[in-house]
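Okay, structure first, notes after.
Worth knowing before you read on, the calculation uses all heavy atoms, side chains too, and leaves out hydrogens, waters and symmetry mates. Every chain is numbered from 1 and lettered A, B, ... according to where its sequence line falls, protein lines coming before strand lines.
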Amino acid sequence: MRESAARYRLPVSKEARAWFPGLHTRPTEWAAPFPAEQLVYMVQDIEIPYAIAQHQRPRIKEQKLARVVHLENEAVPALAAMEMRGVCIDVERWRSILARKQARQQALEPGLRETLGTALQRACDDYQVALTREEKRLVEAYRANPAQSSWGLFRRKGLAQWQATHKKPPQPKERGTINLASPPQLLAALRALGVPVSATDEETLEPYAKEHAAVASLLQWKELHKFASSFGENLLAMVDTDGRLRTDYAQIGAASGRIICSKPNLQQIPAEEEEEGQEEPVRHCFVAPPGYRILKADLSNIELRILAEVSRDQTMLRLFAEGKDLHAETAKLMFHLSPETDTKRHLYKGVPGRKIAKTINFGLAYGMGANGLANRAGVDLPTAKSLIRTYFETYRGIARWLPLTAKQALEQGYAVTLAGRRRTFASIPTSVDWNREVRASAERSAKNHPIRGTNADILKRALALLHASLPSGAHLILAVHDEIVVECPEECVEEAAGVMRAAMVQACRDFLKVVHIPEPEVLIGTYWCKE
DNA sequence: TAGTAGCGCGCC
DNA sequence: AAACGGCGCGCTACTA
């Protein structure tokens, strides 16, 4: 508030605020009427926002932001209610999942410490052992003749950075041991084992898992460790004394206008168990209190529907209208397959057609290039390039819309969603060469904003509708990008489910005028589940 | 000792 | 030639 007030030269003083914390521990003051100073402060808290709003109103109109401002204002009570209500957690079930995972994690540790610990020790004694044969040769060549060496191979990261990653690893606390959570230590140890990697993330290590048992084991360990550290006791400690977990929502936290949440971030709770069958997903610990049910609805394929809407791509609009599996139909169109083809089975260069189509459909929303497609779909670069070409021949409307949108956004300085939500961009002169990367990034964001941001528009509209229309006793619990979770007394589950279906469709209809909107399926259970 | 940068990884 | 967006957070290692 202070910043906004300053913009309109409205005086604000926050000093009086310091008086409030701990007031309940000061019985005399607690019982007495508010001092004049505090009253002034409290009045200010009402008056200043009003004055700010008065200043902003004409500007909002002028910039055609009235609709999105209204949308945001309508969503405020829903967000506030979710923050206050929180979500009920089955702590016991959570602890038992955690215990099993930790047991598995600990079982892996002796072997890993032995193998990687001794490897790290060798690397510490002589860190040259952590260089691959090829790198040793290159470094030698570079030292001998910097001008002539295959400098190009270092170019990607730059020699300085390349060397930095090969500096002496930090010594573990005890000789012969290793901190498995330390990327630098891991890097040195792995390289000493002959695994020529330059990072220790899952994607980098995965190809070596077959060859090196230690790598396979390490990958499992990392996964279990991640779970324990991010979704273990630390998170459980945030459960309030009433057994409910509460988060902080930031209503316009993301540049796209999406809601973000933190402390804890409930939008990153693992949805599924990677190894099927064995363990229960932790979302199952987000439960309905006794006498209640959890209801979940999501906006299926919403980003692609938005894309079809804004681009008016006739083909994609038709596929949605037909209500078929969009990824499969995309594959059929791209590869000229007959309608009855099983696109999960039909291979193109060794990769299922549906997977390729899905990867492009999905990746499109954030400006994926040929390289990204090659990585994700598992094809080579030329193939990826030709696949993207084919995709855009299939969806001409999208092929036109994407670059046009980027161009317009950068010209006028902002991209816009269907509710009129803006994302601004600094102007980037074409003439300057060094900002090509900046420009490319801005273009991706500009293409992305109408899709992401409209998704946020729709979600917020749905939240507002639901907050106003859910049966009494039913409460909004969670909002995760395209998914809304409600907790509801058993007696009115059917009514609430109906309200949810109607609200989701209405929210879509408020913004999407052309594309087909299916009525969402509402899942009803005793816990938060995925499907 | 406290703050911060970088890596890595969870979600969509 | 190449480069996948955008968010929060835990951890380590470095810096002040």
Side-chain angles (χ1 to χ4, degrees), chain A residues 152-153 155-157 161 164-165 167-173 178-187 197-205 218-219 222-235 238 247-250 252-274 281-283 298-304 359-360 362-377 381 384-385 388 415 423 436-453 455-456 459 478-483 530:
Chain A
L153 288 173
R155 205 207 217 124
R156 186 112 168 254
K157 298 250 169 178
Q161 200 186 335
T165 64
K167 69 189 168 188
K168 202 166 175 172
Q171 302 285 330
K173 292 230 167 63
I178 183 168
N179 181 348
L180 297 172
S182 162
Q185 289 184 30
L186 274 185
L187 198 61
V197 289
S198 51
T200 63
D201 58 296
E202 200 264 337
E203 200 187 329
T204 308
L205 292 182
L218 175 63
L219 286 172
K222 280 164 83 84
E223 198 176 300
L224 294 163
H225 177 256
K226 169 74 177 179
F227 185 88
S229 60
S230 293
F231 309 109
E233 287 299 333
N234 294 347
L235 190 44
M238 301 176 85
T247 185
D248 288 346
Y249 284 103
I252 44 174
S256 59
R258 293 223 298 200
I259 300 166
I260 61 177
C261 83
S262 60
K263 294 183 295 179
N265 179 358
L266 295 184
Q267 294 176 333
Q268 66 178 151
I269 301 294
E272 274 181 301
E273 211 42 50
E274 45 312 305
V282 75
R283 283 196 188 191
D298 57 20
L299 303 159
S300 82
N301 275 327
I302 189 63
E303 292 198 342
L304 282 173
T359 307
I360 305 184
F362 183 64
L364 213 64
Y366 44 75
M368 183 178 64
N371 223 279
L373 177 61
N375 280 338
R376 291 239 168 188
L381 193 58
K385 283 183 177 163
I388 289 177
R423 174 171 182 169
R436 277 182 51 197
E437 229 173 287
V438 180
R439 190 180 180 84
S441 165
E443 282 172 358
R444 282 196 297 270
S445 298
K447 293 172 186 171
N448 189 248
H449 178 76
I451 302 171
R452 272 277 144 75
N455 186 353
L459 184 82
L478 295 166
V480 186
H481 306 308
D482 64 353
E483 174 181 354
K530 183 162 169 70

How do Leu381(A) and Asn448(A) order along DNA chain C: which one's closest nucleotide is nearer the 5' end?
Leu381(A)

So what does Asn455(A) hit on the nucleic acid, given a heavy-atom distance under 4.0 Å: a base, only sugar-phosphate, or nothing?
nothing

Taking any heavy-atom pair under 4.0 Å as a contact, classify Ala255(A): base, sugar-phosphate, or nothing.
sugar-phosphate

In whole angstroms, how far is the P atom of dC7(C) from the CG atom of Asp482(A)?
17 Å

Quick one: is Thr200(A) getting a side-chain N or O under 4.0 Å of the dG8(B) phosphate, OP1 or OP2?
yes

Figure out the NZ/P separation between Lys226(A) and dC7(B), and round it to whole Å.
15 Å

Please give, in whole Å, the distance from dC12(B) P to Met368(A) CE?
18 Å

So, under a plain 3.5 Å distance rule, would you say the side chain of Arg258(A) forms a donor-acceptor pair with the base of dC7(C)?
no

Of the nucleotides dC11(C), dA2(C), dC9(C), which one has an atom closest to the side chain of Asn371(A)?
dA2(C)

If you round to the nearest 0.5 Å, how far is CG of Leu235(A) from NZ of Lys263(A)?
14.5 Å

Using atom CZ of Phe231(A) as one end and atom P of dC11(C) as the other, report the distance to the nearest whole Å.
12 Å

Could you state the atom-to-atom distance from CD of Gln267(A) to P of dC9(C) in whole Å?
11 Å

Check every strand shown and say whether Glu202(A) touches a base, only sugar-phosphate, or nothing at a heavy-atom separation below 4.0 Å.
sugar-phosphate

Step by step, work out the side-chain contact (heavy atoms from CB on, under 4.5 Å) result for Val197(A) and Leu187(A).
CA-CA 7 Å; Val197(A) 289; Leu187(A) 198 61; 4.1 Å; yes

With the threshold set at 4.0 Å, does a side-chain nitrogen-carboxylate oxygen contact exist between Arg439(A) and Glu443(A)?
yes

Taking 4.0 Å as the cut-off, does a side-chain nitrogen or oxygen of Asn179(A) come that near to OP1 or OP2 on dT12(C)?
yes

Specify the separation, in whole Å, of atom CZ of Arg283(A) and atom P of dG10(B).
13 Å

Have a look at Ser445(A) and say if it touches a base, only the backbone sugar-phosphate, or nothing, with a 4.0 Å heavy-atom cut-off.
sugar-phosphate

With a cut-off of less than 4.0 Å, is there a side-chain N or O of Arg376(A) near OP1 or OP2 of dA3(C)?
no

Inspect the surroundings of CD1 in Ile260(A) and state if more than 12 heavy atoms from other residues, nucleotides or ligands are less than 6.0 Å away.
yes

Choose from dT12(C), dC4(C), dC9(C) the nucleotide whose nearest atom is closest to any side-chain atom of Gln268(A).
dC9(C)

Write down the distance between NZ (Lys263(A)) and P (dC7(C)), rounded to a whole number of angstrom.
17 Å

Would one find a side-chain N or O of Gln185(A) under 4.0 angstrom from OP1 or OP2 of dA13(C)?
yes

Please tell me which of the listed nucleotides, dG10(C), dC9(B), dC9(C), lies nearest to the side chain of Asn265(A)?
dC9(C)

Distance in Å, Lys222(A) NZ paired with Leu205(A) CG, rounded so as to fall on 0.5 Å steps:
6.0 Å

Value rounded to 0.5 Å, distance of CD in Gln185(A) from CD1 in Ile178(A)
5.5 Å

What does Leu266(A) touch in the nucleic acid at a heavy-atom separation under 4.0 angstrom: a base, only the sugar-phosphate, or nothing?
nothing

Send over the distance from Leu224(A) CG to dG8(B) C1', rounded to a whole Å.
16 Å

Expressed as a whole number of Å, how far does the P atom of dC7(B) sit from that of dA3(C)?
16 Å

Just verifying a value: how many Å separate Arg423(A) CZ and Arg452(A) CZ, rounded to the nearest 0.5 Å?
10.0 Å

Side-chain contact check for Ile260(A): nearest option of dC11(C), dC12(B), dC7(C) is dC7(C)

Would you indicate which nucleotide in dC11(C), dG8(B), dC12(B) comes nearest to any side-chain atom of Lys222(A)?
dG8(B)

Between dG8(C) and Ser230(A), is there an OP1 or OP2 to side-chain N/O distance shorter than 4.0 Å?
no

Indicate, yes or no, whether a donor-acceptor pair under 3.5 Å links the base of dG5(C) to the side chain of Arg452(A).
yes

